[in-house]
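In what follows, chains are A, B, ... by sequence order, proteins preceding strands, each numbered from 1.
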2 protein chains.
Amino acid sequence: MPLKTNDPAKKTWLPVPANSDFPIQNIPFGVFLTRDDIITIGTRIGDYAIDLGALHQLGYFNGIPLTDDIFLQDTLNDFISDGKKTWRLVRNRISEIFDLNNTALQGNDDHKNIVLFTLDEIEMQLPVHIGDYTDFYSSKEHATNVGSMFRDPDNALLPNWLHMPVGYHGRSSSIVPSGTAIRRPKGQTLPKGADVPIFGPSKLVDFELEMAFITTDANVLGEPLAIEDAENYIFGMVLFNDWSARDIQKWEYVPLGPFLSKSFASSVSPWIVTMDALEPFRVNSPEQNPKPLPYLIHNGKRGIDINLEASITTESGMETVVSRTNFKYMYWSMAQQLTHHTVNGCKVNSGDMMASGTISGPSPDSYGSMLELTWRGEKPLTLEDGSTRKFIEDNDTVTIKGYCKKENVRIGFGEVTTKLLPIFEPKKK
Amino acid sequence: MPLKTNDPAKKTWLPVPANSDFPIQNIPFGVFLTRDDIITIGTRIGDYAIDLGALHQLGYFNGIPLTDDIFLQDTLNDFISDGKKTWRLVRNRISEIFDLNNTALQGNDDHKNIVLFTLDEIEMQLPVHIGDYTDFYSSKEHATNVGSMFRDPDNALLPNWLHMPVGYHGRSSSIVPSGTAIRRPKGQTLPKGADVPIFGPSKLVDFELEMAFITTDANVLGEPLAIEDAENYIFGMVLFNDWSARDIQKWEYVPLGPFLSKSFASSVSPWIVTMDALEPFRVNSPEQNPKPLPYLIHNGKRGIDINLEASITTESGMETVVSRTNFKYMYWSMAQQLTHHTVNGCKVNSGDMMASGTISGPSPDSYGSMLELTWRGEKPLTLEDGSTRKFIEDNDTVTIKGYCKKENVRIGFGEVTTKLLPIFEPKKK
């Protein structure tokens, strides 16, 4: 049965600009700082941010089993811990409150003054405290491109790749919300032909166009999730830019994997779009051949049709879209990733984040990183302002956007946008 | 100037058994559940646990700038955030309170009844909320052994190993305190000669004898630490067992490093021994050749002489020490590890944990894992009860202990002891 919050005919009394990512069918969750310097949990419709903490205090969530302070927190972790049933009750209620035909809040100017914010009155925060962050590597096109470049074009995929969603543990502490500028990292690299490394700024800073999902408490230590249950523990999704320093990565990554080449920064979009809002956009995933081991087999539509793009904005202010791809290309589904992650008994908590890995499509303009788009820098891109790029330069801004569209309903993620600053220069003591 | 808390002549009015790890010169920090079901922060002298929350409420820390509830918490993170100066003030004060010649608490039976617990009245917890956990790979003997077994005995170390403390991001959520039983993990493995993996229980579960250090807030994102400052951000150390499933690891680890082969469990000792308590036991680290890059160069004694041992206790109850090694063998120091970790701007927070990697010594009986002790299972060990082991079997208990000793002062870590249970069997629905 389709969720009533997804009804394409549903309209809201709040103004929603044409092509907005946030119609009443979306109802994402985020955390923001208000004009009064208060942190609260909220949602967004059109260009209004809605203070759910205030709505709850005013009684609009009466009848739903919620603690009094569930939305008066600086992360969504506790709300996510409340589970899928509660997420649905709250989204249904928000959908009712803002329905065109509902006058309760619509007709109460005092209440509207308390709960509604324009976007320039708020500052979005990280939506969750990320206990653990995992990055998968689940785009076959990306893994093939990288394997072709660095190993063997005829055997681009390593033997394990088609049998499991390969992934690694990443660094939570360096994940920042959209709008937070980051710095070019320094590190060790091995110059071509040298046998001794040098130290200095990375010369090959890259973005990786990814998406990430956020989980709720899924299991206790030692007890795997079954694949048919896995999706019940996924709260929603965000856009994810997995910043990478290719030259640092190449020198450091054997045998234990990427480390400092990734942990200088990752950027996320601030609104978590729920799996319920994405339900109408499900599609079949690519066929898996060979068939995975039984613990990874599921039926049904496990892919999602999400249009994605990445752009570079130079200091001139001109923006150039450099990649257009789609989440539906992912070979391994989120349910497979989460199931694989817990198959050894690994504990998954509320607020954990699991990223897809770079999402590359089949055509060269759909690759999700500069490494692939310029083929290791061999084919530089020409930007709108006439400059060229092999990788990301200081003061470039990288922006990733994403949306689904069907039956004139557009459910979007907003954007994750990040400026790359030059290396940090310590003050002389 | 030597710290007065370290004075070997210092005596306490609490009874301290001969060979105790916890004389008055130690004063470690931990978190425990009391007989009244209250979680508090405490220290330990001899076989008494001391409730620091209660001591603080009774006024014994007056004059030290501490918030009222600093010890009434379920983790040490906030106290660690207070910084090195505060840690020292508190340890000095504890050292005074329990000094043989101080009668303030000694002569107050009411207060003693409130703050002192015997060990059977408490249950030790994880001492910190671990925001991020990193595992290094810093024993040259271990890296050489593994490289010899799996790659090339003539080129056992990979090219980067002598130039940087190689490490990887691990999983925080699966770290458990001593005494918590864990389960044998299931996962994918590739049978010898096969080209398709199978799924089932790991057959090669191993321990790794490690130590870990715990940090305080060290930097802001984008700003590296300088090596001469690094040690100021290290609070203390614990024993660490980095459980490993060798067969899962071998199949999954290319190209992104160990993942599910590690994240099923890691075990830590519950008392954090401070760097101040370890100060008298500093020794020179092994000479580094080639010389590291300048950002990793430091002078002085950066190693610590800590005797370590690992034992296996079978279901028969008989315990066999299978390895005796020492932390002083570590090639890369903790200061180098922490400096390298932040050189890219990666943010390090209070409560982060960084493990050493398996600590192997030069002789075969000093290797820190079954993989090395039995040389991939080729030379099984015979235990005290006559049974043999290639790796760890169901219902075996692995215990790691460690202590420093000098001038008749013994500063110890207690132990981390963990029973390996059989795989989890889900109940039939």
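- Both the backbone and the side chain of B:Leu260 come within contact range of chain A, with heavy atoms under 4.5 Å apart.
- Chosen from A:Asp352, A:Asp195, A:Ile182, the residue pairing most often with chain B at heavy-atom distances under 4.5 Å is A:Asp352.
- When A:Leu190, A:Leu256, A:Leu421, A:Val146 are compared by the number of non-hydrogen pairs under 4.5 Å with chain B, A:Leu256 comes out ahead.
- Chain A forms more heavy-atom pairs under 4.5 Å with one residue of B:Lys186, B:Lys347, B:Arg171 than with any other, namely B:Arg171.
- The structure places CG of A:Asp135 at 10.5 Å from NE2 of B:His169, a figure rounded to the nearest 0.5 Å.
- To the nearest 0.5 Å, the span separating CH2 on B:Trp332 from OG on B:Ser356 amounts to 15.0 Å.
- Counting heavy-atom pairs closer than 4.5 Å to chain B, the top residue among A:Gly131, A:Pro185, A:Gly170, A:Pro224 is A:Gly170.
- With a 4.5 angstrom heavy-atom cutoff, B:Val348 touches chain A via backbone and side-chain atoms both.
- For B:Arg151, the part lying under 4.5 angstrom from a heavy atom of chain A is the side chain only.
- Taking chain A as the reference chain and counting heavy-atom pairs below 4.5 Å, the highest number among B:Ala245, B:Pro255, B:Gly345 is found for B:Pro255.
- Nearest approach of A:Thr216 to A:Asn232, heavy atoms of both residues: CG2-O, 4.4 Å.
- In this structure, NZ on A:Lys419 lies 13.5 Å from CD1 on A:Ile392, to the nearest 0.5 angstrom.
- The part of B:His129 that comes within reach of chain A is its side chain, from C-beta onward, which places non-hydrogen atoms under 4.5 angstrom from that chain.
- Between A:Ala230 and A:Leu338, the shortest heavy-atom distance links the atoms O-CD2, 3.5 Å.
- Distance check, rounded to the nearest 0.5 Å: OG1 of A:Thr215 to CG of A:Asn349 gives 7.0 Å.
- Heavy atoms closer than 4.5 Å to chain A are found in the side chain of B:Thr134, but not in its backbone.
- Taking A:Gly222, A:Ser263, A:Ser174 one by one and counting their heavy-atom pairs under 4.5 Å with chain B, the maximum is reached by A:Ser263.
- Contact count against chain B (heavy-atom pairs under 4.5 Å) is highest for A:Gly167 among A:Pro294, A:Ala265, A:Gly167.
- Ranked by heavy-atom pairs under 4.5 Å with chain B, the list A:Trp251, A:Tyr137, A:Phe264, A:Tyr253 is led by A:Trp251.
- When each of B:Leu162, B:Val343, B:Asn160, B:Leu221 is scored by its heavy-atom pairs under 4.5 Å with chain A, the top score falls to B:Asn160.
- Under the 3.5 Å distance criterion, the side-chain polar atoms of A:Gln188 are matched with a main-chain donor or acceptor of B:His163.
- Between chain A and the options B:Gly187, B:Pro290, B:Gly147, B:Pro197, heavy-atom pairs under 4.5 Å are most frequent for B:Pro197.
- Interface remark: B:Phe136 contributes side-chain atoms only to the contact with chain A (heavy atom separation under 4.5 Å).
- Between chain A and the options B:Arg184, B:Arg183, B:Glu252, B:Met164, heavy-atom pairs under 4.5 Å are most frequent for B:Met164.
- Among B:Gly257, B:Ser261, B:Cys346, B:Pro159, the residue with the largest count of heavy-atom pairs under 4.5 Å with chain A is B:Cys346.
- In terms of modelled atom types and a separation under 3.5 Å, the side chain of A:Ser202 and the main chain of A:Leu204 share a donor-acceptor contact.
- With rounding to the nearest 0.5 Å, the separation of CD1 in B:Ile248 from NZ in B:Lys262 is 11.5 Å.
- When all heavy atoms are compared, the tightest approach of A:Thr358 to A:Ser139 is O-CB, 3.0 Å.
- A distance-only check finds a donor-acceptor pair linking the side chain of B:Asn77 to the backbone of B:Ser350 [under 3.5 Å].
- Both the backbone and the side chain of B:Phe199 come within less than 4.5 Å of a heavy atom of chain A.
- Comment: A:Lys203 does not engage A:Asp247 in a salt bridge, judged by the lack of any side-chain N to carboxylate O separation of less than 4.0 angstrom.
- Contact of B:Ile423 with chain A is not made at all, since no heavy-atom distance falls under 4.5 Å.
- Heavy atoms closer than 4.5 Å to chain A are found nowhere in B:Ile175, neither backbone nor side chain.
- Within the model, atoms NE2 of A:His340 and CD1 of A:Ile227 stand 11.0 Å from one another, a figure rounded to the nearest 0.5 Å.
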